[in-house]
Amino acid sequence: MPLGGVLYRESSMPRTERKTNTIAVLGGGASGMAAALAARETLGNRVLLLERQSRVGRKLLATGNGRCNLTNTGAAPSRYHSEHPDFVRPALARFNVPDTLAWFRDLGLLTREEPGGRVYPLSNTAGSVLDVLRLALDARGVETVTGFTASAVRRTDTGFAVTSGQGETVACGRLIVACGGMAGAKLGGVKDGYELLASLGHRRTALRPSLVQLKTENTWTRAMKGVRTQAKLTLERGGVLAEAEGEVQFTEYGVTGPAVYDISRAASVAGEGCTLVLRLLPELDEVDIISYLFEKQSAFPNSKTENILSGCLHNSIARTVLRREGVALDAFLWSLREAQLAGVAAQITRFELPVLGTLGFAEAQVTAGGMDTAEFDPETMASRLVPWLYACGEVLDVDGDCGGFNLQWAWSSGRLAGLSAGRD
């Protein structure tokens with residue numbers, strides 16, 4: 001059943017019509033929309049944006065807690081991870097953060113920069129980002145088809161034939177795979193892109209969830225459920241695997257928050273046997289904390305021990321620290337021995353939580369791993385194995401840190417793929 005003259009059964013298409021400058025983009029996420037818009041900049045190209053869901057950009061609406069952290073002013077190759085880390089350099093250099101902000105401004109989006117270099121729409125809602133992109137797609141003549149689940153791709157003498165699960169076929173001269181990764185299954189994360197590229201001969205690296213919550217031994221985190229605090233985090237297993245500092249939130253299952261996301265990739269890759277160490281007062285060392293506790297004891301000897309940390313930690317965290325150290329909450333401060341005070345200080349400095357794993361791909365914001373970037377040209381995003389084939393965004397073995405870096409990769413790699421395909 002043709003949709004608006006866009007989809008065709010291959011057998012019904014005249015050979016001359018299939019030999020047009022048709023570029024198909026698989027995936028209507030951030031990188032796919034950027035690729036489609038870039039491909040249309042070359043006159044004469046017909047661009048089809050094929051999206052499996054009922055609308056494009058659904059996953060984009062959930063980024064940044066619904067605010068869409070669309071880039072980060074600190075975006076640099078060092079903030080990205082891959083088996084071939086230099087792969088990101090050309091795309092990021094050719095479409096950097098200032099270029100991205102200017103591009104969005106031209107599309108009508110106003111933005112603001114917040115602490116840490118995070119950039120959000122001035123409206124403070126992700127819908128504004130998606131609105132300007134959809135408006136641009138329509139205005140620039142990109143033909144968008146939703147509900148198209150690509151089930152197979154095969155090469156033809158004039159390019160590619162992409163077949164949907166409903167039996168419809170799209171013929172195109174050039175193909176851009178921007179299907180995203182497995183992260184965020186509730187919002188459309190799938191394996192489609194990996195499987196389609198593998199069917200064309202490409203290799204995939206191991207896939208792991210990243211920017212995701214950590215499951216830990218929860219005896220103590222459950223008592224602090226919902227509480228947020230600033231902390232320094234260290235992931236350890238026979239040494240330091242990763243470090244981060246920022247907001248942490250305690251949960252029924254473990255921990256979440258921006259600082260947790262920053263080390264979640266390392267935890268996901270490392271697997272079992274890791275310990276998460278929280279420095280609950282990152283500004284103070286253990287000696288400073290012990291001094292503070294002695295001062296509190298001296299100033300309020302007849303106060304209950306549950307109040308000794310009331311001036312520096314959230315009450316739920318303070319009570320949990322004291323209980324973990326074995327301090328009775330209803331005792332008097334004067335009764336605490338020096339060893340007990342030292343033990344409380346040690347708990348604040350090294351609050352250890354055995355890591356049991358992550359919440360997996362369903363809750364992850366990003367996929368670590370993907371199609372091997374050694375098989376793609378970083379200058380064009382073109383396949384080194386298959387002519388007229390391109391890939392961009394999360395489907396490739398590139399993932400960034402938390403804070404807008406992954407969306408910057410989507411814009412940069414998508415635009416480079418679209419421009420390259422458009423001019424090929």
Side-chain angles (χ1 to χ4, degrees), residues 65 67 114-116 212-236 243-264 267 274-356 358-359 363 402:
N65 290 322
R67 297 174 61 209
E114 297 188 3
V212 64
Q213 305 92 323
L214 294 185
K215 291 191 293 185
T216 69
E217 201 289 320
N218 67 349
T219 300
W220 305 109
T221 66
R222 189 169 56 241
M224 300 180 285
K225 179 180 177 181
V227 175
R228 302 170 188 262
T229 190
Q230 297 291 312
K232 181 176 181 180
L233 278 61
T234 306
L235 184 70
E236 300 180 358
E243 294 180 301
E245 186 168 344
E247 184 181 280
V248 176
Q249 180 178 345
F250 298 99
T251 69
E252 181 77 20
Y253 54 79
V255 287
T256 186
V260 174
Y261 291 155
D262 282 339
I263 65 169
S264 63
C274 295
T275 299
L276 179 65
V277 180
L278 283 70
R279 192 182 186 97
L280 296 172
L281 291 174
E283 302 87 354
L284 304 177
D285 61 24
E286 195 165 342
V287 173
D288 294 328
I289 297 171
I290 290 174
S291 177
Y292 169 82
L293 295 177
F294 274 121
E295 291 173 5
K296 199 74 173 287
Q297 184 183 46
S298 298
F300 306 98
N302 294 316
S303 179
K304 296 296 179 70
T305 55
E306 65 180 351
N307 298 317
I308 194 169
L309 297 172
S310 60
C312 60
L313 288 174
H314 187 285
N315 285 341
S316 292
I317 299 177
R319 289 168 177 265
T320 301
V321 166
L322 294 170
R323 288 193 183 101
R324 190 169 190 178
E325 188 53 30
V327 175
L329 299 182
D330 58 352
F332 292 104
L333 286 185
W334 61 260
S335 69
L336 292 180
R337 301 183 304 277
E338 182 176 344
Q340 288 178 295
L341 295 177
V344 171
Q347 287 288 351
I348 294 172
T349 306
R350 283 187 61 86
F351 193 87
E352 299 184 2
L353 296 170
V355 177
L356 305 180
T358 75
L359 259 60
E363 300 296 333
C402 182

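For the numbers below, each heavy atom of this structure counts, side chains included, while hydrogens, waters and symmetry mates do not. Starting from 1, each residue takes its place in the sequence as its number. Remember, it's a predicted structure, so these values are computed and weren't measured experimentally.
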Practice problem: Side-chain contact test, heavy atoms from C-beta onward, threshold under 4.5 Å: evaluate it for L353 versus N218 and give yes or no. | Solution: no
Exercise. Please report the closest heavy-atom contact between T358 and K215, naming both atoms and the distance.
Key: O-CE, 3.2 Å
Practice problem: Mind checking the CG-OH spacing from L233 to Y261? Nearest 0.5 Å is all I need. | Solution: 13.0 Å
Quiz prompt | Gap between atom OG1 of T320 and atom CZ of R222 - 0.5 Å precision | solution = 11.0 Å
Exercise. Verify, without hydrogens or angle tests, whether Q297 (side chain) and L336 (backbone) share a donor-acceptor contact under 3.5 angstrom.
Key: yes
Quiz item: Is there a donor-acceptor contact under 3.5 Å from the side chain of S291 to the main chain of V287?
Solution: no
Quiz prompt | Pair listing, salt bridge (charged side-chain N to carboxylate O under 4.0 Å, His left out) test, anchored in residues 299-308, at least two apart | solution = E306-R319
Can you give the donor-acceptor pairs under 3.5 Å from side chains of residues 223-232 to other protein atoms, not counting sequence neighbours?
unit_1: R228; atom_1: NH1; unit_2: E247; atom_2: OE2; d: 2.9
unit_1: R228; atom_1: NH1; unit_2: Q249; atom_2: OE1; d: 3.3
unit_1: R228; atom_1: NH2; unit_2: Q249; atom_2: OE1; d: 3.3

Self-check item: Backbone of A328 reached by a side-chain donor or acceptor of T305 within 3.5 Å
Solution: yes
Quiz item: When rounded to the nearest 0.5 angstrom, what distance separates CZ in R350 from OG1 in T234?
Solution: 7.5 Å
Quiz prompt | Rounded distance [0.5 Å steps], CG in N307 versus CG in L329 | solution = 9.5 Å
Quiz prompt | Main-chain N/O of Q213 paired with S264 side-chain donor or acceptor, under 3.5 Å | solution = no
Quiz prompt | From CD1 (I308) to CZ (F300), nearest 0.5 Å | solution = 11.0 Å
Quiz prompt | Flag side-chain contact, heavy atom, 4.5 Å: I348 against Y292 | solution = no
Quiz item: Is any side-chain heavy atom of D288 closer than 4.5 Å to a side-chain heavy atom of L281?
Solution: no
Exercise. Locate the shortest heavy-atom distance separating G254 from T216; write the atom from each residue and the value.
Key: CA-OG1, 3.4 Å
Quiz item: Going through the distances and angles, do I317 and F250 end up as a side chain to side chain contact (heavy atoms under 4.5 Å, CB included)?
Solution: CA-CA 10 Å; I317 299 177; F250 298 99; 3.9 Å; yes
Self-check item: From NZ (K296) to OG (S310), nearest 0.5 Å
Solution: 3.5 Å
Give the table of side-chain donor-acceptor pairs shorter than 3.5 Å for residues 337-347, with sequence neighbours excluded, one pair per line with atom names and distance.
unit_1: Q340; atom_1: OE1; unit_2: R337; atom_2: N; d: 2.9
unit_1: Q347; atom_1: NE2; unit_2: E325; atom_2: OE1; d: 3.4

